[in-house]
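Everything on this sheet refers to the single structure shown next.
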Amino acid sequence: LLPILKYPDPRLHIVAKPVEQVDERIKQLAADMAETMYEARGIGLAATQIDVHERVVVIDLSEERNQLITLINPIITHKEGETTYEEGCLSVPGIYDTVTRAERVSVEFLDVDGKPQKLDADGLLAICIQHELDHLAGKVFVEYLSTMKQNRIKTKLKKREREEMK
Ligand SMILES: O=C(O)C[C@@H](Cc1ccccc1)[C@H](O)SCc1ccccc1
Ligand SMILES: [Zn+2]
């Protein structure tokens with residue numbers, strides 16, 4: 001299990017680098033990320049969130065937690081429509097707020113065998129892909145909220161951090 005960075009940790013704003021070679025190290029990283037995501041009851045996790053700054057994302061929307069999608073060097077090649085969703089984030093525990101994103105996206109990526117793949121997504125999968133790719137770009141969903149809300153969230157999470165230290 002890998003520790004998930006918590007907002008406002010500055011490392012969440014590091015921009016991830018493309019993976020050079022889909023090798024055993026990357027396969028192990030994806031497996032470790034999936035285990036961490038399942039344990040944290042997330043439906044997505046970006047490598048940035050476990051302080052690894054390479055372009056790897058894992059997603060599993062299934063109830064049975066057995067339909068893992070691993071996206072290596074994902075790029076969104078097409079966006080369409082607009083949709084809003086009450087988002088949460090494993091790096092911003094207990095905070096949920098409305099975010100507007102594209103309704104449908106096309107994403108190109110390498111799978112764990114290094115094979116190029118293309119995926120057209122809508123619904124929660126499209127939202128999750130955009131949320132995770134934001135993480136790889138060093139962006140956290142709270143940055144879409146007002147400055148006032150962001151300051152309140154920072155204060156709240158810092159206070160909670162101090163409580164936990166006692
Ligand atoms: O922190 C993350 O990246 C995991 C996110 C992914 C996500 C956020 C908003 C909308 C879709 C995906 C979540 O914490 S996973 C928790 C969750 C579970 C069901 C529905 C929405 C969020
Ligand atoms: Zn997140």
Nearest-0.5 Å distance, [atom1] of residue [X] to [atom2] of residue [Y]:
X: Lys139; Y: Thr48; atom1: NZ; atom2: OG1; value: 14.0 Å
X: Gln21; Y: Ile26; atom1: CD; atom2: CD1; value: 9.5 Å
X: Ile76; Y: Phe109; atom1: CD1; atom2: CZ; value: 12.0 Å
X: Leu133; Y: Arg55; atom1: CG; atom2: CZ; value: 5.5 Å
X: Ile95; Y: Gln150; atom1: CD1; atom2: CD; value: 11.5 Å
X: Leu68; Y: Glu35; atom1: CG; atom2: CD; value: 12.0 Å

(message) Run Leu90 and Leu45 through side-chain contact (heavy atoms from CB on, under 4.5 Å) and show every step you take.
(response) CA-CA 8 Å; Leu90 297 175; Leu45 190 70; 4.0 Å; yes

Whether the side chain of [X] engages the backbone of [Y] through a donor-acceptor N/O pair (distance < 3.5 Å, no angle test) should be reported.
X: Lys6; Y: Ile4; value: yes
X: Glu164; Y: Glu161; value: no
X: Arg65; Y: Tyr38; value: no
X: Asp60; Y: Asn66; value: yes
X: Glu143; Y: Val140; value: yes
X: Ser91; Y: Leu5; value: yes

Would you say [atom1] of [X] has more than 12 non-hydrogen atoms from neighbouring residues, nucleotides or ligands within 6.0 angstrom?
X: Lys118; atom1: NZ; value: yes
X: Glu82; atom1: CD; value: no
X: Glu86; atom1: CD; value: yes
X: Lys17; atom1: NZ; value: no

Which atoms form the tightest heavy-atom contact between [X] and [Y], and what is the distance?
X: Arg160; Y: Pro93; value: NH1-O, 3.1 Å
X: Ala126; Y: Ala121; value: CB-O, 3.7 Å
X: Thr83; Y: Ala102; value: CG2-O, 3.6 Å
X: Val99; Y: Phe141; value: CG2-CD1, 3.7 Å
X: Leu124; Y: Leu61; value: C-CD1, 4.2 Å
X: Ala30; Y: Val58; value: O-CG1, 3.7 Å

Would you check if [X] and [Y] make a side-chain contact, meaning some heavy-atom pair closer than 4.5 Å?
X: Ile69; Y: Leu125; result: yes
X: Asp113; Y: Val22; result: no
X: Met37; Y: Met33; result: no
X: Gln130; Y: Arg101; result: yes
X: Leu71; Y: Ile59; result: yes
X: Cys89; Y: His131; result: yes
X: Val57; Y: Thr70; result: no
X: Ser106; Y: Glu80; result: no

Establish whether [X] and [Y] are linked, either directly or via other cluster members, by ILVMFWY side-chain heavy-atom contacts under 4.5 Å.
X: Ile14; Y: Leu12; result: no
X: Val52; Y: Ile72; result: yes
X: Val19; Y: Leu136; result: no

(message) Test side-chain contact (heavy atoms from CB on, under 4.5 Å) on Glu163 and Lys158; report intermediate values, then the result.
(response) CA-CA 9 Å; Glu163 298 297 315; Lys158 280 198 180 116; over 6 Å; no

(request) Mind running side-chain contact (heavy atoms from CB on, under 4.5 Å) on Ile153 and Tyr7 for me, showing each step along the way? (result) CA-CA 9 Å; Ile153 290 166; Tyr7 184 82; 4.2 Å; yes

(request) Using a strict cut-off of less than 4.0 Å between a Lys/Arg side-chain nitrogen and an Asp/Glu carboxylate oxygen, indicate whether Asp9 and Arg11 qualify as a salt bridge. (result)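 Salt bridge: yes.
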
(request) Salt-bridge test for Arg104 and Asp120: reply yes if a basic N is under 4.0 Å from a carboxylate O, no otherwise. (result)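 Not counted as a salt bridge, because no side-chain N and carboxylate O are separated by less than 4.0 Å.
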
(request) Using only heavy-atom distances, determine whether the side chains of Asp134 and Tyr144 contain a donor-acceptor pair under 3.5 Å. (result)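 On atom types as modelled, these side chains qualify, holding a pair under 3.5 Å.
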
(request) Establish, from distance only, whether the side-chain atoms of Gln117 and Asp111 form a donor-acceptor pair under 3.5 Å. (result)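 Result is yes, a qualifying pair exists.
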
(request) Could you please spell out the steps behind the side-chain contact (heavy atoms from CB on, under 4.5 Å) verdict for Gln49 and Glu132? (result) CA-CA 9 Å; Gln49 294 177 273; Glu132 300 311 336; 3.6 Å; yes

(request) Please say which of Asp32, Leu29, Val56, Leu1 ends up in a side chain to side chain contact (heavy atoms under 4.5 Å, CB included) with Ile50. (result)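 In the set Asp32, Leu29, Val56, Leu1, the residue that makes a side chain to side chain contact (heavy atoms under 4.5 Å, CB included) with Ile50 is Leu29.
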
(request) With Leu110 as reference, evaluate Pro74, Pro116, Pro18 under the side chain to side chain contact (heavy atoms under 4.5 Å, CB included) test and give the passing residue. (result)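 For Leu110, the side chain to side chain contact (heavy atoms under 4.5 Å, CB included) test succeeds with only one of Pro74, Pro116, Pro18, which is Pro116.
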
